[in-house]
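Below is one structure; the comments refer to it alone.
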Amino acid sequence: MPPRPILLDCDPGHDDAVAMLLAWGSPAIDLVGVTTVAGNQTLEKVTANALALARVAGIAGVPFAKGADCPLVGPQLIPAEIHGESGLDGPRLPGPGADLDPRHAVDLIADTVRGHASGEVTLVATGALTNLALFARTHPDLVGRVAGVTLMGGAHHGGNMTPAAEFNILADPEAAAIVFDASWPVTMVGLDVTHKVLATPERMEQIARVGTDVAGFVAELVDFFGQAYKAERRYPGPPMHDPLAVAAVADPSVLATVAAPVRVETRGEYTRGMTVVDLRRTWDVAGGEPSILGVADDYENMSMHRVGVDVDVDGFWHMLIDALTRIGNTHFR
Ligand code: BDR
Ligand code: CA
């Protein structure tokens with residue numbers, strides 16, 4: 001299989017950083033562009049972080065462009081308690097390893113999709129969905145050329161920022177609604193599955209055995225990122241949310257999915273930013289018989305998306321370790 005071309009739209013962010021390393025190191029992925037969006041920190045900070053990561057990973061020949069600096073509606077939410085003041089607190093970052101492309105992220109996405117055969121490029125989104133929504137609205141003619149959108153966001157049960165909403169969706173619910181309502185196929189990699197891939201001390205021992213400067217950088221990221229999860233949730237390690245979205249494109253067998261309609265709640269008093277996944281008329285999460293409930297007519301014209309329900313945890317870690325091994329030492333410091 002030739003590597004799949006992906007454009008990574010991200011807001012680095014500790015787990016976005018690991019996602020970028022996975023995308024660059026995986027032989028199953030051809031990283032054809034990186035775009036940034038305001039999210040884990042301001043647009044300026046996450047863009048500076050993305051360019052520093054280019055140096056960490058030794059990424060060359062890949063355009064980096066910055067996009068939206070705020071959500072479509074309302075103020076930006078900044079989770080500094082999770083990712084710190086820089087958005088990537090913990091490791092000492094090197095200077096930029098790439099020049100910023102002069103194009104806006106939306107233009108880079110459009111040029112990338114246009115420059116590949118129809119159905120070739122997958123958009124992987126690991127931040128708020130503002131750039132992708134703007135792309136879908138300004139280039140409706142190109143939406144059908146996108147192979148699919150694989151996004152880290154949402155959940156079919158619960159949230160992390162509120163009882164109902166996950167951060168990337170809550171950060172721009174209107175944009176998320178546009179992305180889920182567009183005609184491209186979406187694969188949703190939500191909290192239900194990302195909370196199954198925790199960077200536990202045992203997994204970090206495996207990463208340490210890679211023995212490179214880049215693997216050491218990942219350990220420093222995880223140390224910082226894990227603090228909030230340990231203090232607030234008693235998790236033994238932080239979830240590898242964003243890398244799982246990349247992994248699901250590199251090897252779709254890593255993620256078990258079901259087909260289901262997904263709607264984004266934009267108005268609820270307590271549920272704004274919730275991904276409402278109707279699992280009634282599809283296969284039960286546990287597998288087995290299709291449900292007898294839910295034959296709602298209003299779904300007739302809705303896209304059915306793929307919703308992650310389970311993970312091959314060992315397969316994920318094997319893929320990440322392989323990617324880091326292939327990147328090797330980059331001598332970035
Ligand atoms: C998501 O929110 C961000 O803080 C992480 O980078 C991830 O994309 C998890 O809810
Ligand atoms: Ca992210």
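Only a predicted model underlies this, so the values are computations on that prediction, with no experimental measurement involved. In listed order, ligands and their atoms are each counted from 1.
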Quiz item: Should the heavy atoms of other residues, nucleotides or ligands under 6.0 Å from CZ of Arg137 be counted, would the total exceed 12?
Solution: no

Self-check item: Arg267 vs Glu174, salt bridge (charged side-chain N to carboxylate O under 4.0 Å, His left out): CA-CA, chis, key distance, verdict
Solution: CA-CA 10 Å; Arg267 284 170 297 179; Glu174 283 72 19; over 6 Å; no

Practice problem: Give the residue, atom name and distance (to 0.1 Å) of the protein heavy atom nearest atom 7 (C) of ligand 1. | Solution: Asp15 OD2, 3.2 Å

Quiz item: Between Asp11 and ligand 1, is there a nitrogen or oxygen pair with a distance under 3.5 Å?
Solution: no

Practice problem: Can you label the angle between the Phe225 ring and the His14 ring as parallel, tilted or perpendicular, going by 30° and 60°? | Solution: parallel

Exercise. Using 3.0 Å as a strict upper limit, say whether an N, O or S atom of Asp242 approaches the Ca ion (ligand 2) that closely.
Key: yes

Quiz prompt | Over 12 non-hydrogen atoms of neighbours within 6.0 angstrom of CG in Asp99 | solution = no

Quiz item: What part of Thr126 sits under 4.0 Å from ligand 1 if we count only heavy atoms: the side chain, the backbone, both or neither?
Solution: backbone

Practice problem: Report, in ascending order of atom number, the atoms of ligand 1 lying under 4.0 Å from any heavy atom of Met152. | Solution: 1 (C), 7 (C), 8 (O), 9 (C)

Exercise. Looking only at protein heavy atoms, identify the closest one to atom 8 (O) of ligand 1 and say how far it is in Å.
Key: Asp242 OD1, 2.6 Å

Quiz prompt | Charged N-O contact under 4.0 Å between Arg263 and Asp278 | solution = no

Self-check item: Atoms of ligand 1, numbered as shown, that sit under 4.0 Å from any heavy atom of Glu166
Solution: 1 (C), 2 (O), 9 (C), 10 (O)

Practice problem: Specify the protein heavy atom at minimum distance from atom 2 (O) of ligand 1: its residue, its atom name, and the distance to 0.1 Å. | Solution: Phe167 CD2, 3.3 Å

Quiz item: Does His318 NE2 have over 12 foreign heavy atoms under 6.0 Å away?
Solution: no

Quiz item: Counting heavy atoms only, which part of Ile82 comes closer than 4.0 Å to ligand 1: side chain, backbone, both or neither?
Solution: neither

Quiz item: Is the ring centre of His83 less than 6.0 Å from the ring centre of Phe224?
Solution: no

Quiz item: Which ligand 1 atoms, with their elements, are less than 4.0 angstrom from a heavy-atom of Asn160?
Solution: 9 (C), 10 (O)

Self-check item: Side-chain heavy-atom pair Asp69, Thr42 within 4.5 angstrom cut-off
Solution: no

Self-check item: Residue, atom name and distance, where the atom is the protein heavy atom closest to atom 3 (C) of ligand 1
Solution: Asn40 OD1, 3.2 Å

Self-check item: His83, portion touching ligand 1 at heavy-atom distance under 4.0 Å
Solution: side chain

Quiz item: Has Met152 got an N/O/S atom less than 3.0 Å from the Ca ion (ligand 2)?
Solution: no

Practice problem: Kindly give the heavy-atom pair with the smallest separation between His139 and Ala110, and that separation in Å. | Solution: NE2-CB, 3.6 Å

Quiz item: Looking only at heavy atoms, which two atoms of Pro63 and Asp101 are closest? And how far apart?
Solution: CB-OD2, 3.7 Å

Quiz prompt | Geometric N/O contact His241 with ligand 1, under 3.5 angstrom | solution = no

Exercise. With the Ca ion (ligand 2) at the centre, find the angle made by O from Thr126 and OD1 from Asp11, to 10°.
Key: 80°

